[in-house]
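Here is the structure we will look at, set down as C-alpha cells.
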Amino acid sequence: MTPVITGLSKLVSCDLDKGISHMNEQIRHMRFVHDLEKLVVIAVGLVLYDAGMTSPVGKEDIGLYVGVDNAIEDIKSEYFNNILSEGILGASPLLFPFTSPNALTAQATIAFDIRGESITLPIQRSSKDVIEYATDCIIGRYTKMAIAGGITTDRSQTSCSETIKAPVYTAEFFFLEDRKSAMERGVKVYHRVMDGSI
Amino acid sequence: MKRRVVVTGIGIITAHGVGKEINWGKIKSGISGIKTITSFDSSKYPGKCGGEAREFSATSVKNVKRTRLDRASHLLIHAVREALSETENDYPAYKNREILLSVGTTLGGMLSGEMYHREVIQKGLKRARLSLVTDYLAHYQAINVLKEFELAGDFTVFSNACASGTNAIGHAFNSLRYGEYDVAVCGGYDTMSEFTFAGFNSLMAVTPTLCRPFDKNRDGLVLGEGAGILILEELEYAIRRNARIVCEIVGYGESSDAYHMTSPDPSGRHASYAIIKALQDAGNPKIDYINAHGTGTKYNDEAESKAITMALGDSAKEIPVSSIKPMVGHILGGAGAVEAIVSIFSIIHKAMPPNINYDCPDPQCNLNIITKAVEDDVKTVLSNSFGFWGSNAAILFREYPWEG
C-alpha cells in the first residue's frame with residue numbers, strides 16, 4: 001500500500017466568490033450560515049475536481065478528515081455573545097450546530113454526498129495530524145480514498161476588503177489514495193506520502 | 001498483521017459519582033442521577049434538569065497550575081489518574097515509553113470560555129481576563145494530562161460531536177493494532193455548560209420531563225457531564241508485564257450520514273454501515289448486549305433501531321438493548337467513552353443495565369429493550385455512538401480470555 005496525492009486545493013476566504021464559480025449549480029445555490037462553512041465546502045469541491053472525481057460522490061469508500069484550528073471559535077463567539085446580550089432568545093438554533101467543529105466537515109459530506117468516515121480534529125497543528133491519520137486509514141484499509149486537510153486562521157490579516165473586517169481563513173486539502181487506485185483511475189500523481197509527510 | 005488490543009485500566013466520573021464501583025452499582029440498579037441543574041440558572045429553559053457530576057469538584061495536580069484549569073481538565077485528569085492507578089506497579093514504565101493519548105470532546109474548556117465572554121460583555125474586551133482562556137481550546141486538556149502524568153508520546157483530540165469518545169477509543173485501538181504504539185490512554189469528556197444547554201434547548205431537543213429512550217412518548221434528551229478513560233495495551237505487551245486484563249477490543253467502525261446538521265438519516269442505513277464495519281472487523285461475532293446511543297429524541301432512537309436491525313438482521317429483535325443516558329445524561333464527547341466503560345462492566349459483571357423510564361413500547365423501535373438489569377453470560381458487547389451532523393461510530397468489546 002503506497003498512499004499518494006492525486007488532488008490539491010488551497011483557498012483563502014477572500015477568494016470565495018472566485019472559488020464558487022468552479023462549483024456546480026447545486027453548490028452555487030447552497031445556503032451557507034458562515035463563511036468558514038462555505039470555505040470548506042468549496043475547498044473540498046476543488047480538491048475533488050482536481051482529483052478527477054465526479055460530484056456528487058455517493059460512495060462509502062471516501063473519507064473526509066478535517067483539522068480545524070481556533071477558527072471555529074469565531075462561530076462560538078458569535079453564538080455565545082448573542083445569548084449573553086439577548087438572553088435565552090439569543091440562542092440561535094441555526095448557529096448552535098455550527099459551534100461543533102465537525103459541522104464544517106459534515107457540511108462538505110452533505111454537499112458532495114461523501115458517505116465514508118468523517119473525522120474532525122480540533123488542534124493547532126491539525127493539518128499534519130489529519131494527513132497522518134488519513135494515511136493510516138488508507139494503509140489500514142478503513143477507507144479507499146481520503147480527503148484530508150485543514151483550516152487555519154490568519155488573525156494578523158483581518159480583512160479581505162476595505163469595508164469588511166473579518167479574520168482571513170485558509171483551507172488546504174489533499175486527495176489521497178493508494179498508488180494502484182490512482183493508476184487504475186488514470187489520474188496524475190503529485191507526491192507520495194510517507195509517515196504523514198509529503 | 002493486526003495485533004490484539006486489550007483494556008487494562010478504567011477511569012470514570014458521571015452524575016453517579018467518581019469511580020468504577022459506585023457508577024456500576026447505580027447504573028445496574030437503574031438509579032437516576034438526573035436532578036435540577038445547580039451550576040447555572042436553568043429555570044428559564046424548558047428543560048431544567050441534567051446529570052451534573054456533583055460529587056466531583058476538583059482533582060489534585062502537581063505539574064500543572066491548578067488555578068488555571070477548566071473543570072474539563074479536572075474531570076479528565078481525575079479519570080486518567082483512576083485508570084492509571086490500576087497499572088500502578090508499572091506506571092513508571094510508561095514514563096519512558098511513547099504512549100498515545102487519544103481523547104474526544106465537543107466543548108473542551110467551554111466553562112472558561114463562558115466566563116471570559118461574560119467578562120467581555122460586562123467589562124469590555126480590554127478588561128476581560130485573558131488568563132480565563134488558558135485552558136479553553138479543545139486540545140489544552142490533553143496537553144494538561146501529558147504534563148500532569150509526565151507522559152511522553154503524542155496526542156490526538158477528536159471533536160466529532162457525540163461520537164467523539166468512541167472515535168478516540170477507535171483511533172487508539174487501530175494505532176495499537178498496527179504497531180504504532182504499545183500503550184494508549186483514550187476516552188472522552190465534557191462538562192455541563194449553559195452554552196450547550198441553551199443550544200440544545202433552542203433546538204427543542206431537551207426533554208421537559210424524563211429522558212425515555214425508545215419509549216413511544218419520548219420527548220428529548222437530558223444533558224450530562226463526566227469523563228471516561230481506558231488504558232489500552234497491545235496483548236503481548238500486557239501479558240509480558242503481567243497486567244490485569246479487563247477485556248479485549250475486537251472491532252471498530254465509522255461512517256457518515258451526509259444527510260442533515262441535526263437530524264440523523266431516518267433510514268438508519270448509514271449508521272448501520274458503522275455497525276456492520278465494526279462487526280466485520282471483529283469477524284461477525286454473536287452479540288450478547290447492545291449499549292445503545294439511545295438519546296431519547298424521536299429521530300435518533302428510530303434511526304438507531306433501524307440501523308441495528310439492518311446490521312444484525314433477525315437477531316436484532318432478540319439481543320438485549322439499553323441506553324444509560326436517562327441515568328447519567330448525554331455526556332456528548334464523553335458519552336461514547338462512558339458507555340464503552342459500561343459495556344465493559346456488563347462483560348466483567350455478567351449483567352446488563354436497564355433502560356429506565358421505558359413504559360410504552362414504540363413499534364418504530366422494535367428492539368428487545370430491557371427495563372430491568374439482566375444477569376447473563378455476557379461475552380461480546382456492541383456500543384453505538386451517533387452524533388450531530390451524522391457522525392456514526394460503533395465499537396465491540398469481548399471478554400478476555402476468549403474461549404469462543
Side-chain angles (χ1 to χ4, degrees), chain A residues 33 56-58 60 63-64 68-70 72-73 76-77 79-85 87-126 129 132-133 136-137 139-140 142-143, chain B residues 2 44-45 105-108 110 113-114 117-118 120-122 136-139 142 154-161 163-164 167 171 174-175 177-178 180 194-196 198-204 252-262 270 273-274 277 281 332 387-391 393:
Chain A
V33 173
V57 175
E60 283 84 29
L64 178 59
V68 187
D69 73 348
N70 53 19
I72 201 79
E73 302 310 321
K76 285 185 184 173
S77 295
Y79 165 80
F80 201 61
N81 284 338
N82 289 342
I83 297 180
L84 291 175
S85 53
I88 179 174
L89 292 175
S92 158
L94 187 62
L95 203 54
F96 174 63
F98 286 88
T99 61
S100 182
N102 74 321
L104 304 175
T105 315
Q107 273 298 53
T109 67
I110 293 168
F112 299 105
D113 200 17
I114 299 166
R115 296 178 182 271
E117 301 177 338
S118 70
I119 292 290
T120 310
L121 307 178
I123 50 181
Q124 296 289 359
R125 55 201 172 93
S126 44
D129 277 2
E132 196 177 322
Y133 185 94
D136 286 349
C137 289
I139 292 169
Y142 293 102
T143 188
Chain B
K2 288 182 186 175
K44 57 199 173 195
Y45 296 101
T105 177
T106 60
L107 304 174
M110 181 51 68
E114 278 186 16
H117 274 86
R118 285 184 210 282
V120 170
I121 297 282
Q122 286 162 5
Y136 169 52
L137 295 178
H139 61 291
D154 202 358
F155 74 97
T156 306
V157 181
F158 290 82
S159 198
N160 242 21
S164 307
N167 290 145
H171 172 56
N174 284 336
S175 298
R177 274 209 290 191
Y178 289 104
E180 289 174 40
E194 189 169 5
F195 176 97
T196 321
F200 278 100
N201 268 284
S202 76
L203 292 170
M204 303 201 321
Y252 171 65
E254 295 166 48
S255 71
S256 173
D257 275 3
Y259 179 74
H260 187 264
M261 58 181 174
T262 51
H270 299 99
Y273 290 152
K277 273 181 168 178
D281 195 21
L332 304 175
F388 258 16
W389 294 100
S391 294

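So that the names make sense, note that chain A is the first sequence line, chain B the second, and so on, each numbered from 1. Note that this is a predicted model, so its numbers are computed, not measured.
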Quiz item: So which of B/E114, B/K2, B/R177 has the largest heavy-atom pair count under 4.5 angstrom toward chain A?
Solution: B/E114
Quiz prompt | Closest non-hydrogen atom pair between B/F155 and A/D129, with its separation | solution = O-OD2, 4.1 Å
Exercise. Write down the atom of A/Y79, the atom of B/A198, and the distance for their closest heavy-atom approach.
Key: OH-C, 3.6 Å
Quiz item: Where do A/K76 and B/M110 land on the side chain to side chain contact (heavy atoms under 4.5 Å, CB included) test, with the steps shown first?
Solution: CA-CA 10 Å; A/K76 285 185 184 173; B/M110 181 51 68; 3.7 Å; yes
Self-check item: Option that, when pairs with chain A are counted at under 4.5 Å, heavy atom only, ranks first among B/A138, B/G108, B/S159
Solution: B/S159
Quiz item: What closest approach, in Å, do B/N160 and A/T120 show between heavy atoms, and which atom pair accounts for it?
Solution: OD1-N, 3.1 Å
Quiz prompt | chain A interface, residue from B/Y136, B/F388, B/F195, B/Y45 that has the most non-hydrogen pairs under 4.5 Å | solution = B/F195
Quiz item: Is chain A contacted by the side chain of B/H270, its backbone, both, or neither, given a heavy-atom distance below 4.5 Å?
Solution: side chain
Exercise. Using non-hydrogen atoms and a 4.5 Å limit, figure out which bit of B/E180 sits close to chain A: side chain, backbone, both or neither.
Key: side chain
Quiz item: What residue in A/A106, A/G140, A/A103 has the most heavy-atom pairs under 4.5 Å with chain B?
Solution: A/A103
Quiz item: For B/F200, is it the side chain, the backbone, both, or neither that has a heavy atom closer than 4.5 Å to a heavy atom of chain A?
Solution: both
Self-check item: Close side-chain approach of B/Y259 and A/T109, heavy atoms under 4.5 Å
Solution: no
Exercise. With a 4.5 angstrom heavy-atom cut-off, could you sort out which part of B/Y273 is near chain A: side chain, backbone, both or neither?
Key: side chain
Practice problem: Determine the interplanar angle of the B/H171 and A/Y133 rings, folded into 0 to 90°, and report it as parallel if under 30°, tilted if 30 to 60°, perpendicular if over 60°. | Solution: tilted
Exercise. Below 4.5 Å from any heavy atom of chain B, which atoms of A/I114 appear? Answer side chain, backbone, both or neither.
Key: backbone
Self-check item: Proximal component of B/L332, with respect to chain A [non-hydrogen, under 4.5 Å]
Solution: neither
Quiz prompt | Choice from A/S118, A/A111, A/G63 maximising heavy atom contacts with chain B below 4.5 Å | solution = A/S118
Quiz item: Roughly how far, to the nearest 0.5 Å, is OG of B/S256 from CG of A/D113?
Solution: 9.0 Å
Quiz prompt | From CZ (B/R118) to CZ (A/F80), nearest 0.5 Å | solution = 4.5 Å
Quiz prompt | ring pair (Phe, Tyr, Trp, His ring centres under 6.0 Å) evaluation trace for B/Y252 with A/Y142 | solution = CA-CA 10 Å; B/Y252 171 65; A/Y142 293 102; 7.3 Å; no
Quiz item: How many angstroms lie between OG in B/S202 and CG in A/N82, if you round to the nearest 0.5 Å?
Solution: 11.0 Å
Quiz item: Do A/D136 and B/Y178 have a side chain donor and acceptor closer than 3.5 Å?
Solution: no
Self-check item: Considering all heavy atoms, the nearest B/A258-A/R115 contact
Solution: CB-CG, 4.1 Å
Quiz prompt | Structural part of B/D257 lying under 4.5 Å from a heavy atom of chain A | solution = backbone
Quiz prompt | Best-contacting candidate, A/S92, A/S100, A/P101, against chain B by heavy atom pairs under 4.5 angstrom | solution = A/P101
Quiz prompt | Closest non-hydrogen atom pair between A/N102 and B/S391, with its separation | solution = ND2-OG, 3.1 Å
Quiz item: Can you tell me how far CH2 of B/W389 sits from CZ of A/F98, rounded to the nearest 0.5 angstrom?
Solution: 3.5 Å
Self-check item: Pairs of heavy atoms under 4.5 Å with chain A: top-ranked of B/T105, B/T106, B/V120, B/I121
Solution: B/I121
